[in-house]
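Some notes on the structure that comes next.
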There are 2 protein chains.
Amino acid sequence: MTRPPRRARAVDVAAHAGVSVATVSFVVNGKAEGRVSPATRLRVLDAIAALGYVTDASARALATGRRRQVALLAHDMTNPFTAQVAAGAAAGIAEATEGTGHLLLLLGSDETGPDVEPVGAATVDGVLINYPGTLPAGRPDLPVVHLDDPAAGGHQVSMDVEVGARELARHLAGLGHRRVLYLGTPRPWSTFAQRRDAFAAELAAVAPGAVVLDDRCDIDLAAGVQLAGEHAQRWLADGVTAVVAATDLQAIGVLAGLAAAGVQVPGRLSVAAFDDIPFAAVSAPPLTTVALPARELGRRGAVLLAGVIAGDRTEPGDPVVLPARLVVRDSTGPAC
Amino acid sequence: MTRPPRRARAVDVAAHAGVSVATVSFVVNGKAEGRVSPATRLRVLDAIAALGYVTDASARALATGRRRQVALLAHDMTNPFTAQVAAGAAAGIAEATEGTGHLLLLLGSDETGPDVEPVGAATVDGVLINYPGTLPAGRPDLPVVHLDDPAAGGHQVSMDVEVGARELARHLAGLGHRRVLYLGTPRPWSTFAQRRDAFAAELAAVAPGAVVLDDRCDIDLAAGVQLAGEHAQRWLADGVTAVVAATDLQAIGVLAGLAAAGVQVPGRLSVAAFDDIPFAAVSAPPLTTVALPARELGRRGAVLLAGVIAGDRTEPGDPVVLPARLVVRDSTGPAC
DNA sequence: CTGTTAGCGCATTCAG
DNA sequence: CTGAATGCGCTAACAG
């Protein structure tokens with residue numbers, strides 16, 4: 001009963017079971033059917049249990065060419081939307097690979113973008129791009145799924161952002177808003193362009209003569225707070241009755257800034273946004289927002305990616321589009 | 001100029017540069033100094049650039065025994081505190097390994113705990129445990145760093161939770177609170193026990209006769225909202241003047257629930273908590289809370305882990321303890 | 001200073 | 001139904 005000095009290898013298992021490594025490999029990989037007798041299989045299984053054998057991932061990867069890992073490229077895990085995408089992706093890859101696949105997190109700052117070196121180094125079988133840096137050249141055939149990037153080619157899963165944006169426009173128009181400030185982001189990502197454009201187009205359509213003013217700030221709480229603090233009076237002076245932010249994070253910041261400035265919401269100003277992160281339901285007042293299924297986005301993306309990796313589908317096919325819908329809460333009311 | 005049919009390998013680079021693979025390996029791994037002439041080195045570098053060569057991570061891992069990856073075990077990436085720990089860990093490992101190390105995310109649900117199979121499969125060189133499942137046996141020597149788990153043995157980085165808790169107790173006592181509800185969590189993690197116990201102890205010390213009532217709910221917004229909605233009147237009837245939650249998430253939920261129930265904060269009830277997630281600054285009212293440096297926790301943990309992996313320190317040594325301090329905002333006021 | 005070579009641990013083809 | 005042999009791409013002794 002001397003314990004093996006280090007991790008057991010397939011040879012050890014083979015010896016313990018009195019078989020060859022090939023046999024061990026077959027049973028480990030579920031390819032025993034028709035190749036290994038049930039009795040032998042059990043002996044091997046016993047040996048595996050006895051020795052605590054676990055297949056070495058690197059060696060298997062080298063031999064098979066499959067890494068059993070995918071990467072998620074994102075900028076800011078601290079953004080609740082991104083965090084939910086990540087959680088969904090982790091769940092999706094586990095689900096699609098029956099627990100044998102894992103998530104490598106590749107985060108980047110704004111300037112650098114995610115570090116994609118491990119992608120080039122073939123650490124992963126595929127990539128989920130929430131928001132891109134540029135992928136390393138030299139891996140043109142690498143399976144990639146774009147998340148929430150309607151302008152991307154190839155495999156992608158996105159959301160009915162336009163439908164939601166239009167719904168929001170009609171909601172505000174119906175409340176009499178004719179002059180709204182749209183708070184965009186400095187990022188040139190297609191999803192944000194789509195949010196603004198669909199909103200503005202629908203507003204123009206249902207409320208002819210309505211005007212959309214533009215401003216922008218970073219996607220974080222503090223930026224929203226600061227912006228509202230500085231500009232609230234000007235907005236009111238300009239006759240703005242509603243502000244629509246590209247993300248809940250900005251809107252929640254704005255709400256706080258407005259509260260600090262003594263501006264009533266929705267009395268003086270209505271506020272709405274996109275995402276429906278959990279905090280949107282508990283802000284003061286609770287935020288009217290276009291609910292975007294972040295977690296499902298990640299999950300479906302992972303499942304799709306797993307399919308592409310497995311070779312189920314090579315053609316990009318129809319982009320998966322998840323539903324988005326407006327959630328009306330208390331931050332929007334009649335224009336004053 | 002025919003492009004190689006697939007990823008270039010070291011042999012290809014060697015051929016292209018007219019050297020041997022060993023030479024290629026040396027320059028790739030920065031061990032050229034004193035072994036490879038500068039001229040040869042440049043030829044190799046050119047060949048690498050020309051062929052777009054990137055070292056295969058699996059092969060290198062197999063040969064060196066180092067995976068250049070560490071895992072972060074956590075339960076809920078959706079919790080802003082955890083997300084910040086993850087972001088910090090990603091930054092820390094990049095920093096400590098000069099960009100060559102990466103973060104494998106191992107998430108689990110409440111029932112299952114994180115899936116630690118890849119740890120057993122030696123996918124990683126070490127593990128950052130934010131909150132444990134049980135690690136696979138059979139890897140007794142695996143470098144591990146515990147985060148925010150004061151009861152854990154071995155390497156760990158934690159925070160001055162007790163100091164913060166005491167500060168909070170004195171703050172509330174000073175405001176005249178003598179009957180406070182402590183809102184704990186169902187999780188038996190040591191950090192939560194520490195928060196409560198230190199708070200209760202200090203309160204008893206500075207305000208003899210003060211009483212701490214206990215309740216608990218899950219660590220999420222909705223649980224806090226619901227609990228407050230259901231129990232607010234009872235709390236008031238019991239003479240409770242302050243509620244202290246183990247986490248901001250719970251407290252922010254409570255704040256929303258209280259607002260919905262028409263209970264003034266801090267007029268009727270003061271509310272405080274631990275963590276200081278970014279949302280704590282924008283809740284209504286802004287939340288008094290013990291600021292815990294989540295990002296730094298992750299970062300320092302990663303740096304420490306990298307050190308342990310590199311063999312810098314094998315002895316657990318002094319646990320790293322990060323400072324925590326009370327941030328007083330508007331959710332606490334004089335007991336009524 | 002540079003090249004040869006033997007593993008690293010596993011998957012898999014091909015004999016038996 | 002089972003075992004021996006080959007190669008995955010790289011690193012690091014060791015020779016030269």
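Order of the sequence lines sets the chain letters (A, B, ...), proteins ahead of strands, with each chain counted from 1. No hydrogens, no waters, no symmetry mates; every other heavy atom, side chains included, goes into these values.
- Not one side-chain nitrogen or oxygen of A/T23 sits closer than 4.0 Å to the OP1 or OP2 atom of D/dC1.
- The distance between atom CG of A/L62 and atom P of C/dG7, rounded to the nearest whole Å, is 17 Å.
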Strictly under 4.0 angstrom, non-hydrogen atoms only: write out the protein contact profile of nucleotides 11-16 of chain D, one letter per nucleotide from the 5' end, B, S or -. SB----
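- A salt bridge links A/D56 with B/R67: the distance from a Lys NZ or Arg NE/NH1/NH2 to an Asp or Glu carboxylate oxygen falls below 4.0 Å.
- In the displayed structure, B/R300 atom CZ is contacted under 6.0 Å by at most 12 heavy atoms of other residues, nucleotides or ligands.
- At whole-Å resolution of the value, CZ in A/R66 and C1' in C/dG9 are 19 Å apart.
- Rounded to an integer number of Å, the gap from B/D56 CG to D/dG7 P is 18 Å.
- For the pair B/R43 and A/V54, nearest-nucleotide mapping onto DNA chain C gives the more 5' position to B/R43.
- Comparing D/dG9, C/dG3, D/dT2 by their closest approach to the side chain of B/S20 singles out C/dG3.
- Between B/D12 and B/R9 there is a salt bridge, with a side-chain nitrogen of the basic residue lying less than 4.0 Å from a carboxylate oxygen of the acidic one.
- When each of B/W189, B/F81, B/Y131 is paired with B/H75, the ring-ring contact (aromatic ring centres under 6.0 Å, His included) condition holds for B/W189 and for no other.
- Looking at every heavy atom in both residues, B/R43 comes nearest to B/G18 through NH2-O, 3.9 Å.
- Following rounding to the nearest Å, B/R68 (CZ) and D/dC10 (C1') show an atom-to-atom distance of 12 Å.
- The CG-C1' distance, from B/L51 to D/dC10, rounds to 16 Å in whole Å.
- When the side-chain nitrogen and oxygen atoms of B/T40 are compared with OP1 and OP2 of C/dT2, one or more of them lie within a distance under 4.0 Å.
- Within the 3.5 Å criterion, the main-chain N or O of A/I309 finds a donor-acceptor partner in the side chain of A/R66.
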